[in-house]
Amino acid sequence: NKLSGIKLSLSAIPSRGISHIVITVRSPFSLFCFHFQQYGSPDPVTPMGDPVLQPLHWCVCVSKPSSSSSQDNMPQTPLLTGMLVSRGYNNKNLYQSPNQTKEEGYGNAGLCYRDNALVSGSLEALIHHLVPSMDYYPDMTYSFTFLLSSRLFIHPYELMSKVCHLCVEQQRLSDPQADKIRIRKLAPRILQLLQEWTETFPYDYRDERMMRSLKELTQRMASGDELYRKVVHQMIQVLIRKLTTLSQYEEALVKVNATATDRLTVLKAKPQAIQRDMLSVCNDPFTVAQQLTHIELERLSYIGPEEFIQAFEKKDPLDNDKSCFSDHKKTSNLEAYVEWFNRLSFMVATEICMPVKKKKQRARVMEFFIDVARECFNIGNFNSLMAIISGMNMSPVSRLKKTWSKVKTDKFDILELQMDPSGNFYNYRTAFRGATQRSRTANSTREKIVIPFFSLLIKDIYFLNEGCSNRMQNGHVNFEKFWEMAKQVSEFMVWKKVECPFEKDRKILQYLLTAPVFSEDSMYTPQKTSPP
């Protein structure tokens with residue numbers, strides 16, 4: 001029930017001839033199978049031999065049916081340049097796991113398969129499964145899922161160290177007499193894995209230990225080969241640019257937040273200093289919705305996939321010394337995005353409750369933001385839509401009964417219905433599925449925009465995380481759970497890569513990001529001299 005939001009019960013079922021029942025349920029998140037296994041003694045029968053209808057005892061486990069679709073749309077890193085193939089690098093079976101034909105049970109030592117799908121394994125076995133060899137390269141969906149989830153059990157720099165050790169020792173690359181042909185065959189596989197890691201999880205390399213291990217391994221791979229040196233140089237340069245861009249973004253956020261704080265301080269000291277409001281900056285709802293979408297997509301683009309995992313910081317029960325994230329949380333982009341949602345909500349409420357406004361002016365501001373919210377819905381910007389609705393439902397705004405009486409609320413009622421939380425946000429999820437379908441078949445960049453209600457996305461991933469244990473009873477990593485988490489995170493990564501097609505308006509952006517925002521308590525004070 002925690003995982004799917006669905007309650008199931010089995011009662012008054014004749015036990016005769018029934019020992020196992022499978023019910024497949026499509027939840028708001030995905031498809032799950034509920035396996036009911038009867039245990040205990042058989043039920044009594046009547047003198048006529050008919051079974052007695054009475055409640056049975058069942059044990060239940062929840063699993064996700066094996067399907068290739070569960071691993072679709074994972075982040076894919078293109079193969080290294082074609083010139084590597086031309087050097088005798090045959091990638092015909094590059095992504096074929098040696099265990100793809102395994103049936104239920106154990107494949108390689110420490111890995112458990114069911115219906116050809118990896119469902120669990122020891123941490124060491126999973127690490128070995130990540131490392132390429134002469135005749136094997138891990139499927140990209142596995143690489144992404146393991147690199148995403150492994151940080152719940154091992155620090156990224158420790159994983160990197162183990163990967164380097166296995167690459168060097170297992171493949172005998174430390175041997176100075178190593179066959180050059182052997183290195184040429186193995187190097188592209190290792191470089192491809194490192195490229196996937198650096199492109200999908202670049203923030204891991206803010207740790208100097210990660211960068212040091214990366215350089216040591218790539219130097220070993222590229223020694224004596226000009227082609228590989230060029231590939232390594234390009235990979236590291238791309239990584240450095242990403243990290244530099246992140247640092248610049250973080251510095252810009254600090255400046256923006258400082259400016260907003262300064263303006264609020266001035267306003268509190270001199271309330272008469274209010275000179276502008278949103279309508280004086282821009283009175284076109286569509287343009288404001290476009291600028292909100294700019295902010296949303298920019299902030300989304302900096303959130304790393306690992307931040308979703310780090311948001312659920314827990315101590316690994318097999319690690320007695322430390323929390324898994326105690327010293328390697330390198331970014332706070334997820335938190336910054338949540339703060340943006342809160343800021344927008346309070347800004348909407350502040351704009352409505354400004355002390356200089358009369359009832360007609362407030363009503364006009366309300367209708368303006370209702371129109372902005374509608375345009376956000378049409379664009380596919382559900383996060384700004386929900387932030388605006390939240391701001392208009394704040395107590396200081398909702399109490400303005402006389403002002404609301406002057407507002408045409410039909411459009412607002414429709415928007416509220418779309419974001420109604422009942423049925424686990426059923427209406428929103430239906431609309432959102434429509435937006436994602438439109439995005440998949442879109443011919444224009446504008447139609448590709450899908451910005452989820454972010455707090456609900458985090459909640460979904462949180463309950464998926466809480467609903468299943470990270471480890472099995474035998475200590476194995478519950479990889480079946482992490483397939484599903486990786487699927488949800490990978491969908492987010494597709495949405496965040498969309499470039500905003502709208503032209504930027506610096507004046508509007510500056511106002512949205514730095515305009516003074518009152519706390520909820522502060523919004524009540526002005527109303528004392530101006531009846532609602």
Review point. What distance do Lys481 atom NZ and Asn470 atom CG have between them, rounded to the nearest 0.5 Å?
Key: 3.5 Å

Exercise for review: Find out whether Arg114 and Glu480 are in side-chain contact, i.e. whether some heavy atom of one side chain is under 4.5 Å from a heavy atom of the other.
Suggested key: yes

Practice item. Please name all residues satisfying side chain to side chain contact (heavy atoms under 4.5 Å, CB included) with Ser455, sequence neighbours left out, ordered by chain then number. Key: Phe453

Revision key, fill the gap. Side chain to side chain contact (heavy atoms under 4.5 Å, CB included) filter on Pro202, not counting sequence neighbours, yields Leu239, Lys242

Exercise for review: Under the side-chain contact (heavy atoms from CB on, under 4.5 Å) rule, what do Asp460 and Phe425 come out as? Steps first, then yes or no, please.
Suggested key: CA-CA 11 Å; Asp460 288 351; Phe425 286 89; over 6 Å; no

**Study point:** Glu306-Gln310 side chain donor-acceptor pair, cut-off 3.5 Å
**Key:** no

Review point. Is the shortest heavy-atom distance from the side chain of Thr293 to the side chain of Ile451 under 4.5 Å?
Key: yes

Point to revise | Member of Asn465, Leu148, Leu457 meeting the side-chain contact (heavy atoms from CB on, under 4.5 Å) criterion with Phe308 | key: Leu457

Check your understanding: Do Phe432 and Trp495 make the cut of ring centroids closer than 6.0 angstrom?
Key -> yes

Practice item. Look up atom CZ in Phe502 and atom CD1 in Ile379, then write down how far apart they are to the nearest 0.5 Å. Key: 4.0 Å

Review point. Between Trp197 and Met160, is a side-chain contact (heavy atoms from CB on, under 4.5 Å) present by the stated rule, with each step listed?
Key: CA-CA 10 Å; Trp197 197 336; Met160 183 63 156; 3.7 Å; yes

**Study point:** Atom pair OG (Ser213) and CD (Glu158), whose distance is rounded to the nearest 0.5 Å
**Key:** 11.0 Å

Review point. Less than 4.5 Å apart, any side-chain heavy atom of Pro501 and any of Ile449?
Key: yes

Check your understanding: Do side-chain atoms of His294 reach the backbone of Gln290 as a donor and acceptor pair under 3.5 angstrom?
Key -> no

Exercise for review: Could you label the plane-to-plane angle of the Tyr142 and Phe146 rings as parallel, tilted or perpendicular, counting under 30° as parallel and over 60° as perpendicular?
Suggested key: parallel

Exercise for review: Determine the minimum heavy-atom distance between Met210 and Asp204, stating which atoms define it.
Suggested key: CG-O, 3.2 Å

**Study point:** Whether Ser439 side chain and Ala435 backbone form a donor-acceptor pair below 3.5 Å
**Key:** no

Review point. Does NZ or CZ of Arg299 lie under 6.0 Å from the centre of the six-membered ring of Phe454, at an angle within 45° of the ring axis?
Key: no

Check your understanding: Between Thr145 and Ala486, which heavy-atom pair has the shortest distance, and what is it?
Key -> OG1-CB, 3.3 Å

Practice item. Would you mind telling me which of Glu307, Glu296, Glu298 makes a side chain to side chain donor-acceptor pair (under 3.5 Å) with Tyr337? Key: Glu296

Review point. Taking the side chain from Thr259 and the backbone from Lys255, do they hold a donor-acceptor pair closer than 3.5 Å?
Key: yes

Exercise for review: Return yes if some donor-acceptor pair links the side-chain N/O of Lys162 with the main-chain N/O of Ile127 below 3.5 Å, else return no.
Suggested key: no

Review point. Got Ser150 and Leu126 here, is their nearest side-chain heavy-atom distance under 4.5 Å?
Key: no

Practice item. For Ser345 and Ala387, indicate whether the former's side chain and the latter's backbone hold a donor-acceptor pair under 3.5 Å. Key: yes

Check your understanding: Do Val119 and Trp483 come close enough that some side-chain heavy atom pair is under 4.5 Å?
Key -> no

Check your understanding: Any donor-acceptor pair under 3.5 Å linking the side chain of Arg206 with the backbone of Leu243?
Key -> no

Exercise for review: Write down the atom of Thr198, the atom of Leu214, and the distance for their closest heavy-atom approach.
Suggested key: CG2-CD2, 4.1 Å

Point to revise | Closest heavy-atom pair and its distance - Gly304, Tyr203 | key: N-CE1, 3.8 Å

Exercise for review: Assess whether side-chain contact (heavy atoms from CB on, under 4.5 Å) is satisfied between Val494 and Thr436, documenting all intermediate values.
Suggested key: CA-CA 10 Å; Val494 173; Thr436 54; over 6 Å; no

Practice item. Would you check if there is a donor-acceptor pair between the side chains of Arg189 and Gln192 at a distance under 3.5 Å? Key: no

Check your understanding: Is there a donor-acceptor pair closer than 3.5 Å between any side-chain N or O of Tyr136 and the backbone N or O of His129?
Key -> yes

**Study point:** Pairwise distance OG1(Thr200) to CD(Gln195) - rounded to 0.5 angstrom
**Key:** 9.0 Å

Practice item. Please round to the nearest 0.5 Å and tell me the distance separating atom CG of Leu512 and atom CD1 of Ile295. Key: 4.5 Å

Review point. Can you say whether the rings of Tyr249 and Tyr302 are parallel (under 30°), tilted (30 to 60°) or perpendicular (over 60°)?
Key: parallel

Study note, to complete from the structure: Closest non-hydrogen contact found for Gly110 with His476 is O-CE1, 3.5 Å

Review point. Do the side-chain N and O atoms of Asn478 and Ser469 include a donor-acceptor pair separated by under 3.5 angstrom?
Key: no

Practice item. Flag the pair Phe201 / Pro305 as yes when at least one side-chain heavy-atom distance between them is below 4.5 Å, and no otherwise. Key: yes

Practice item. Find out whether Arg429 and Leu456 are in side-chain contact, i.e. whether some heavy atom of one side chain is under 4.5 Å from a heavy atom of the other. Key: yes

Practice item. For Pro452 and Phe382, work out which heavy atoms get closest and say how close. Key: C-CB, 4.3 Å

Exercise for review: Compare all side-chain heavy atoms of Val338 with those of Glu335 and state whether any distance is below 4.5 angstrom.
Suggested key: no

Review point. What residue pairs, at least two apart or across chains, pass side chain to side chain donor-acceptor pair (under 3.5 Å) with a residue in residues 499-508?
Key: none

Point to revise | Value rounded to 0.5 Å, distance of CE in Met211 from CD1 in Ile240 | key: 5.5 Å

Practice item. Run the numbers on Leu130 and Leu147 for side-chain contact (heavy atoms from CB on, under 4.5 Å), then give the verdict. Key: CA-CA 9 Å; Leu130 178 70; Leu147 290 175; 4.1 Å; yes

